[in-house]
Each structure stands twice: as C-alpha cells, then as structure tokens.
Chemist: 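Submitted below is the structure of interest, expressed as structure tokens.
Just so it is clear: chains get the letters A, B, ... in the order the sequence lines come, proteins before strands, and each one is counted from 1.
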Protein chains: 2
Amino acid sequence: MSSRESIGVPRPPMEFNLWGTADEAKPLSRGVRTLLTKAFGVDKPLPRIPEGDVAITESRLAPDDIAALADIVGADRVTTDFTQKLRRARGKSYPDLIGWRLGGTHDVPDAVVAPATDDEVLDILRWCSREKVAVVPFGGGTSVVGGVDPVRGTMRAVISLDLVLFDDVTDVDAESGLATLGAGLTGPAAEFLLADHGLQLGHYPQSFPYATIGGYAATRSSGQSSAGYGRFDDMVRSFTVVTPSGILEVGAASPATAAGPDLRELFLGSEGIFGVITRVRLRVHPIPEVKRYEAFSFPSFDAGVAGVRAVTQAGAGPTVIRLSDEIESSLNLTSDEAIGDASQAPEGCLCLTMFEGTADHAASRHAETRALLIAAGGTPVGEAPVRSWEQGRFGTPVLRDALLDNGALCETLETATDWSNVARLKKAVTRALADALRETGTMTLTMCHVSHVYRDGCSLYFTVLAARGDDPDAQWRAAKDAACRAIVANGGTITHHHSVGVDHAPYLRDEIGDLGIAVLRAAKRELDPAGIMNPGKLLEA
Amino acid sequence: MSSRESIGVPRPPMEFNLWGTADEAKPLSRGVRTLLTKAFGVDKPLPRIPEGDVAITESRLAPDDIAALADIVGADRVTTDFTQKLRRARGKSYPDLIGWRLGGTHDVPDAVVAPATDDEVLDILRWCSREKVAVVPFGGGTSVVGGVDPVRGTMRAVISLDLVLFDDVTDVDAESGLATLGAGLTGPAAEFLLADHGLQLGHYPQSFPYATIGGYAATRSSGQSSAGYGRFDDMVRSFTVVTPSGILEVGAASPATAAGPDLRELFLGSEGIFGVITRVRLRVHPIPEVKRYEAFSFPSFDAGVAGVRAVTQAGAGPTVIRLSDEIESSLNLTSDEAIGDASQAPEGCLCLTMFEGTADHAASRHAETRALLIAAGGTPVGEAPVRSWEQGRFGTPVLRDALLDNGALCETLETATDWSNVARLKKAVTRALADALRETGTMTLTMCHVSHVYRDGCSLYFTVLAARGDDPDAQWRAAKDAACRAIVANGGTITHHHSVGVDHAPYLRDEIGDLGIAVLRAAKRELDPAGIMNPGKLLEA
C-alpha cells in the first residue's frame, strides 16, 4: 500500500440521491413520458430535495472518539463532513432514492473512516469492539437491499468504514491466471490495472461502474458474462478478511482442495457480518482475442427458455446469454437510447448471445449455440441488438432517477430457480406484484429477463413500473413483501445476486432454516464477539 | 424408503484386509516381481493373517446399550458380528492394509448400526449424545486417510453408522438435470439407477466401485471426468444432514443464490464431524451420445503441463485430460494389464484426452484441444492408450495388495497447486519421499500424474514404490510426514481429493489458520454439543 498521508477520504462518486453522478442524469424521452401519463396516469412529479436542505441525525460520537479513530488512521482519514456522511448513508434501492425526496430527518453514519492497511482495519475493529460502536463496511454504495444502512443495533454509534484506499493490484501470476485486487477497486479501475498485464476479470454487473471488488465478494455479485466467466464467487481464489478476532487468510493454498469445509464460502455472501474483506485473489484471464455477437427472436418466453436451457445444458459455451420476455423485448429497456421506442424492436422475445476467446474458440461456441437456439425455434436477427445492449448496459439504472422525477414507481428484483420451475415462478411473482400494487390504485408493468444460466436453472430478473402511490414507501414495501412471499412459496431463492442486506433478512430463515441461522450466529460469536459488524443486516432484521 | 424389516445389516463388499473383494485379487506379473526383486531388493513377502486369527478389542457396549439401539432401528439392524466390525474398522491406506498383516490387537467399532430413515439417524445421534458414545459414519469404507478409524476420543464407546440402507434415487427432474440420491449408493449403483432415466452423474474416482454418494460429499471427492463434469462438490445442489442438534436441509432453494454464506460448503468436506449426510440432490446430465479418445506424447513433463494448461485456460473442454510423468508413462500403471510392460508404452510423457457429449460438441472440443496440445509440442499417438486406461482404471488399487504380498511399500498421495508452481512442488515432494525412505535403506520410485485441472492450477498425484522396512508403519509415517511438510512448505494443499481424516489433521491448521479452526469448532459446538461425531478426525488429531 503506497503512502496515503495527504489523500484524506475520497468522496464516493455517486450523488447521495441518484444512481450515478449528476452529469449522468438525463431526462426521459417524450415517448416514455407519454407512456407514463397515458398508461399509468403518472402525473405527480416528485422533485429531489437539494443537498443543503437535507436534515440528518446528530453524530453520536464525541470529539474524543474521533480523536481515538484519528490516532489509528491519521486525522485526515476520519471525517464527519456532511456530504461524506450523506453519500454513505444509504444504497440505491427505490425506497432509498425515494426516501431522500420525501424529506424528514435522515439517519447517517456518525463518522467515516478510511483505513489503508489490514492493521489499521484491525485496530479500528478492536476500538469499536471496546467502545460499542457499530461498523458498516463501505465499497461502492450500490446496494439495493439496505446493505449500507447505518444501523446501530445495540451499539451506541455507527461508523462507515470505507475501503477506498485498498486500491492496488498485486501478485499478478499471469501463468496461473491469478491476481490480488484491493477491496476498494471499482470494476473499471480493476480492469484498467489488469489490462496492463494483458489480463481481464470479466465481471460486469450492472453496478460495474461504481461497485467494488470487496462488495462483489461480500454480496456474491454476478455479472453479465457469468455464463462465460462464472459468478464472482467462482472467481474468488482467496482473500484477506479482518475480523474483530483477528486477520484471516482464507482459501490460499491451491486451486482446489479437499482439506475440510471451504471457509471461503462462509465469508462470501456474509455481507460484512463477520469482518471486512480487504484484498481478494481472483481468477483472471487473458483479454479475449475476439468477440462475436448474435441476437435471436423467439415466438414465446417458454420457447426461448427451452432454447437457453438447451445451450446451457449442452455446455455450448456462450460468454453472455440473455433472454427478455415479450414486454421487456418490446420496450427494449436494455438500451437507454431506445426506451419506449418499440418500433425498432423485433417481435417476440429477444435472446442476446456473445462469444469471447480465441477466434477458433468463439467460432465453435457460436456455431453450437446458434444451432441449438435455431432448433428450439429461434430466428437469427443479427448483431445489432447485442451491440446496442452492450453499449447501453450500464446506463439503465440512471433511467430510474428520471422515472422517479416524473412520478413513477420503478424497481427491480431478482431470483433464480430450476428450469422446470421457471414458468411457475415468473407467473407467481408477476401476479403478486400486480395484485399488491393494484391495492394502491395503480396498474403495473412487470417485465422479466433471464441473464444468468446454470445447468440446473437460471435467474429471473424483474423490472416493475407503476404509478407512485400516496405513501410510496409503504406502497413498495407491500409489493416487495408480496413478491418475496411468492418467491419463497414457489421455489425461488430470495436473491440471486442482489444479496440479503436489510430488505431480504426476514426471508433468510425460510431459506437456510433455524439451524442454518444458528450456525452463522455461532461463527459470528467467534469472529465478532462484541457484535459490532454490520448489525441489522443479514441475520438480524 | 422401502421396508427394511428383514434385510438386516448388509456386509460391506470389500475384504477387511484388501482393496476390493477376494476374487478381484490377482498375482503380480513376472515383470513386476522381477522389478521389485532386482531394483528394490524386495525379498520379504508379508502374508495376510486369516480373518479367524485376527484379534480385536472387546466391545465397550453393554447388552443394554445394544438393546437401546435395537429399540431405535430394530434388532436386525444392530450387529456386533465379528466380520461386520472388522470390515468397518479401517480404511484402505497402506498403513491400514499393512496393519492387518502385522498382527496385534485391532481396534474395531463396538457395534454397527444401519438406520434407514432420517428420524432413525437422529434418534441414534441423540442416544449417543446422552450416552457418550462416538459415531463414525460409514459409506464404502474406501478412506485412505483414516476417515473411518473407530476413534472414541473422550467417549466411552464408538459405533459405526452405516448408510447402506439409504439407497434410492428420488425426485428426478430430467428437465433441470437434478436427482436426489441416497447417501449409501455406490458409484455403480447410482449410475445404474440414473440410467433408467437416461441420466448420468459422471463421477468416477478410483474408488468408484465401492465409495458412496455420502462419502463423496463428506470428503470432497473428485472424479476422473472432473474436467467435464466438475468435482463432486460442484455436482451437489443440496443435501440432508442429520446432526445431533437436528436435521438440516442445506442449499435447497435454487441453482445459485446470493442469500448469505453458502452453508453447503461448510458440510461438504466436513467428514462427518457435524453430522451424517443421508441424501444428496445432485446435478446430473443426459448420458452422452458419443465419446472420442486421443492420446498424445510430450517430450517432457513440463511441456505436457504447458499443453494441459493451455487447454484448460482456453476452456477447450475435454471431459478427461490426464498427464503422466516419464516414469508413470513408461510403467503404464494406469492399466493393470500392462504393468511393468514398458515395451508398449510410447516415449516421453503420456497425455490422455476424452470428449463426451453430442457428436458436434465432442468434435469441436476435440479439435480445439488437439490443436492446443500439438502447438505445445504434443504428438498424437492414437486412441489405444486412452481406451486401455478407461478399461483398467478402477483396477489399479487392487494391484497394491499384490505388491504388499510381495514385500513392497506402495502408497499414493496427492495435492494441487498453481500452474506456476507445479514443477517446484513436484520436485519437492519427490525429493522428500526419496530422502525419507532412503533413511530406511530403500531406494524409491515416485511417479506422478496430473488428473484434475483448473484455470489456475492442477492436482498432482504421486505413487510411491519402495522396499518395505523393518518397521513398515514407522517407515511410511516418516515418509508421509516428509511429503506433507514438503507440500505445506511449497505451496500445495495437504489434500486435493483424499480428504483430511486422521492422517492429514496435523497439517490442517497450516492450511486454514487458528481462526479457521476456531470457526469450525464453533460450528461443531452448535451442531454436535456432546462431541460424538467422528472424534479424532479432521479437527482433533
């Protein structure tokens, strides 16, 4: 780690009340505004409250506390600055973003600390354990499930521990395809540094521009090239995690082992409840020589699912494979340019495929995939839809801010299930959302896509559009609860890649059982005896 | 589970003191005997002691205890029969097999119990927890690391809990490629029952004929088609585990999830220290339409490793890929027919490849793999070596019994490491074995192969041949310890697929650290508060 003496605490790049930066924001096209007004009766714009008018809770840390933290990391790496606290106070879910617009007094961390070494992290955790101060690890702040909420639990205060200074790439072993990345590196920063070695990580979640390596690991992120390069947890070879009980190197010895339980999998997805991931050794690969693209249209979602399943179970080998249902295909939400411009969208359900590797490798995977999709009833419709998706894919979340400006409710949720259960689960979730939102007097547009595939099943990602109700928070919480209950009752997982956070915690017990919860609590008692780590998240809502 | 009233406790098929059954045993070829005598000076045959002459420890269970167990499972499913106890008293490592030949009094389980339902298992574990009786789960008894040793620890007695009656295939979902298999099914029994549905598991460890589904899961087994179908832990979708604290369904909800830590990975590889796996839901696949075979010869092991690495990192897609070093290639130990018949073996290092799937799939994977191996310096040498290996592959362990008869020391050990560390680790282990065994006055033949490949590295499997010393147990333990130290010191894992058992337990702390051990102990306290489950294994040697 290089010297950080004069850097201070860098600000998170995203505006506190937007996805992305202020200059990313863009107004809705006239087509979408018309859709909102005509179809949904959306007519209640909800303006953003300027930063200067936002009321926040008073800090519960005394000057002595700040001085103690400054003793550990240096005075310039502890801050109680208003903007700094605001930007780390919430994630980016619909309730998070709407909350800033609704006014009231907002809960924020009592201080922000940016350590730069494992020992500094350990000293902070020990001080917090003694002083009964909760710790919320912070990476990109892209959580859409309440993962960065500054919950104090039974502690007297809460700090945001920002990993931003863990930002280097070390120990590159190109022969083995391994590199160690700092937990605070964003997706683009990681790829930029790896490219110097001719290497690539290939992890492209929608949060790619802002989310960080540590966050990907802690939340079991999954990227759009997961068919080719796996989920983020598949990429993790080992990591360093600093817990209040000490520093662990987890999973270091070899590419695969039978030496007992795999402790990596206890920390992956643990969302900071045991400690802070500071550095991750990742499986990386050479930058692919070629990319190939082809889109297909299917007459129905069921037919498309059968095609995608055939490709996946044959191991045909696309790097990306995605299938949108009829509604999503017609709206073409995957490209922000074309939103609402249904005239250019092909009929039916759009399936996008992309292939990477050497020329021979990509060509053979393309040929096998193409043959299977055509055999399943798909019609090739060229490269353009895939290229358009690839260009616009990280821009979609920005659209939500404009939808919110205009009075819409817009949110996403996701699950995964067996191939044999896809149709049932999709129907159940769609119906649950429609029924719950109808109670608040709005019709609902729910669209769905498959974007992560496995031999035994796939993810289902839902985007919900409706008119904002009079109590927007209660409106969405009821709809989300209905969707979650439908998922639990119909064979889905409560989250495929958004993670648990605060929002899904009430449903976790259904998923892992009382004894599963008991085992996680036993591990937590061992690693975090004072219970300072991310209280209120995952196990305790 | 069907009615088991009159079945009793089936006997494990393997002889207590042999790998396999009596009729599998075969004498060594003259060539090998000559090699042993001339090269190693092996001249001290060590006959087997007949079963009737074996002395065993007295049962520490009283008639009341047996009656209590009979109350749970029925009298015909508890036994203290001599042969039954003998066959579950040890695994099949060199020290295990040589131990039976050296005489003395052997420790055996105090009783054998064969439950047929989860509730019976739970009742047994609760009775044992109250009565301070240790439990050793038993599947195929193929452990080569002391995994079934009847260790009592601080308990007053020990029972062998045989899963043999968990033997059915249920809940087959061919569309999703999932089926639930009883923990007691052997490899062949599982494949036989799955074939009824046109499905295959594709897990072929060398222990395939005898080892069981539950054992594969508990030990993180890896089969010879792992390049195509993954390690056994990759195949596990979910399972039922009965612990003294209750019954858990682990990992049930979906093909992939971000709902917290993955508890599957806590039980996989846990070797019975938390509970008993009774049923495993597995990822299965259609029986492949075609198989393609091709062998290659490399001028050196390093060149072969580079070729295998290129194939793996490109994702070229062989189902099987193996590389033997010069010594193993010349001895052709992979075929029991040809052992010692070096005249037919190609020069250099033999690399075997096999491809499965549809005709198109297998052909394209073969073409890509072939091109990469040839580019790395490989020379195609036809199908025959692969077919010969495929036919003889489960017969190799039987040879060891004949080698022991004739006075040889013969054992295997295995590890895995990064591609960049393969040469260093192979050299270090080979030297450690040679140095340690030289102390006992014997030269050593150590051969090695790569049989499991990953993007970041591969396994190394060593077979050691030497002359038996005066104290065979001490001789091997010193050599094994030297090899383990060399592995730990040179970047390997203490076991890639043989598991920890008793033998590797002393080295586990090096691999997962003090806090890793502490976390596992915390989980054990939660799930097995009385400490009855498999004491002396994994965490406690």
Side-chain angles (χ1 to χ4, degrees), chain A residues 173 175-178 219-220 231 237 245-246 248-249 253-263 265-266 269-270 283 313-314 357-358 360-361 364 368 416-420 454-457 492-500 508 511-513 515-516 518-520 522-523 525-527 538, chain B residues 173 175-178 219-220 231 237 245-246 248-249 253-263 265-266 269-270 283 313-314 357-358 360-361 364 368 416-420 454-457 492-500 508 511-513 515-516 518-520 522-523 525-527 538:
Chain A
D173 176 356
E175 185 177 350
S176 306
L178 291 167
T219 62
R220 294 187 179 276
R231 299 167 56 85
R237 170 61 186 273
S245 294
L248 283 85
E249 300 293 334
S254 91
T257 177
D262 188 344
L263 289 173
E265 300 288 345
L266 190 67
S270 67
R283 296 182 172 111
Q313 292 182 337
T358 60
D360 283 354
H361 181 89
S364 67
E368 185 174 353
T417 193
D418 298 348
W419 291 113
S420 61
Y454 307 91
R455 299 257 174 166
D456 42 345
T493 176
I494 197 63
T495 173
H496 169 267
H497 61 271
H498 279 175
S499 83
V500 179
L508 186 63
E511 189 126 347
I512 68 173
L515 270 177
V519 168
L520 294 182
R525 283 193 300 273
E526 191 68 37
L527 297 169
L538 191 63
Chain B
D173 175 355
E175 186 178 351
S176 307
L178 291 166
T219 62
R220 295 187 180 274
R231 299 166 57 86
R237 170 60 185 275
S245 295
L248 285 85
E249 301 292 334
S254 89
T257 177
D262 188 344
L263 289 173
E265 301 288 345
L266 189 68
S270 68
R283 298 182 171 111
Q313 292 183 336
T358 61
D360 283 354
H361 181 89
S364 66
E368 186 175 351
T417 194
D418 299 347
W419 291 113
S420 61
Y454 307 91
R455 298 258 174 168
D456 42 346
T493 176
I494 197 63
T495 172
H496 170 268
H497 61 269
H498 279 175
S499 85
V500 178
L508 186 63
E511 189 127 347
I512 68 173
L515 271 176
V519 168
L520 294 181
R525 283 193 300 273
E526 191 69 35
L527 296 169
L538 193 63

Chemist: Tell me, out of B:G357, B:A259, B:S364, B:G177, who's got the most heavy-atom pairs with chain A below 4.5 Å.
Modeler: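 Heavy-atom pairs under 4.5 Å are most numerous for B:A259.
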
Chemist: If you take all heavy atoms of B:T493 and A:S254, which pair is closest and at what distance?
Modeler: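 What the structure gives for the nearest pair is CG2-OG, 3.2 Å.
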
Chemist: Please flag which part of B:A256 lies under 4.5 Å from any non-hydrogen atom of chain A: side chain, backbone, both or neither.
Modeler: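 It is both, since atoms from each part get that close.
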
Chemist: Hey, does B:E265 have a side-chain heavy atom less than 4.5 Å from the side chain of B:R220?
Modeler: yes

Chemist: Quick one: does any side-chain atom of A:S245 pair with a main-chain N or O of A:L527 as donor and acceptor, under 3.5 Å?
Modeler: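 Yes; at least one donor-acceptor contact below 3.5 Å.
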
Chemist: Among the options B:T257, B:V500, B:D262, pick out the one with the most heavy-atom pairs lying under 4.5 Å from chain A.
Modeler: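 Counting heavy-atom pairs under 4.5 Å, the top option is B:T257.
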
Chemist: Any Lys/Arg nitrogen of A:R237 or B:D418 sitting under 4.0 Å from an Asp/Glu carboxylate oxygen of the other?
Modeler: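 Yes.
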
Chemist: Heavy atoms only, distances under 4.5 angstrom: which of B:S270, B:S420, B:G513, B:P261 has the most pairs with chain A? Name it, please.
Modeler: B:P261

Chemist: Please look at B:L508 and chain A and tell me whether the side chain, the backbone, both or neither of the residue comes under 4.5 angstrom of a heavy atom of that chain.
Modeler: side chain

Chemist: Mind ranking B:T358, B:I494, B:L520 by heavy-atom pairs under 4.5 Å with chain A and telling me who comes out on top?
Modeler: B:L520

Chemist: Is it the side chain or the backbone of B:D456 that comes within 4.5 Å of chain A heavy atoms, both, or neither?
Modeler: both

Chemist: Between A:H497, A:R283, A:H361, which has the largest tally of heavy atom pairs under 4.5 Å with chain B?
Modeler: A:H361

Chemist: Say whether, by atom type as modelled, one donor and one acceptor occur between the side chain of B:T495 and the main chain of B:H498 under 3.5 angstrom.
Modeler: yes

Chemist: How would you list, by chain and number, every residue that makes a salt bridge (Lys or Arg N to Asp or Glu O under 4.0 Å) with B:R231, sequence neighbours excluded?
Modeler: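 B:D233.
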
Chemist: Top residue by heavy-atom pair count (under 4.5 Å) with chain B, among A:R455, A:E368, A:R525?
Modeler: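 Top count of heavy-atom pairs under 4.5 Å with chain B: A:E368.
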
Chemist: Looking only at atom types and distance, does a side-chain atom of A:S176 sit under 3.5 Å from a main-chain N or O of B:W419, one as donor and one as acceptor?
Modeler: yes

Chemist: Please classify the contact of B:T219 with chain A as side chain, backbone, both or neither, using a heavy-atom distance under 4.5 Å.
Modeler: backbone

Chemist: Heavy-atom pairs under 4.5 Å with chain A: which of B:G260, B:S499, B:A416 has the most?
Modeler: B:G260

Chemist: Heavy-atom pairs under 4.5 Å with chain A - which of B:L266, B:D360, B:I512 has more of them than the others?
Modeler: B:L266

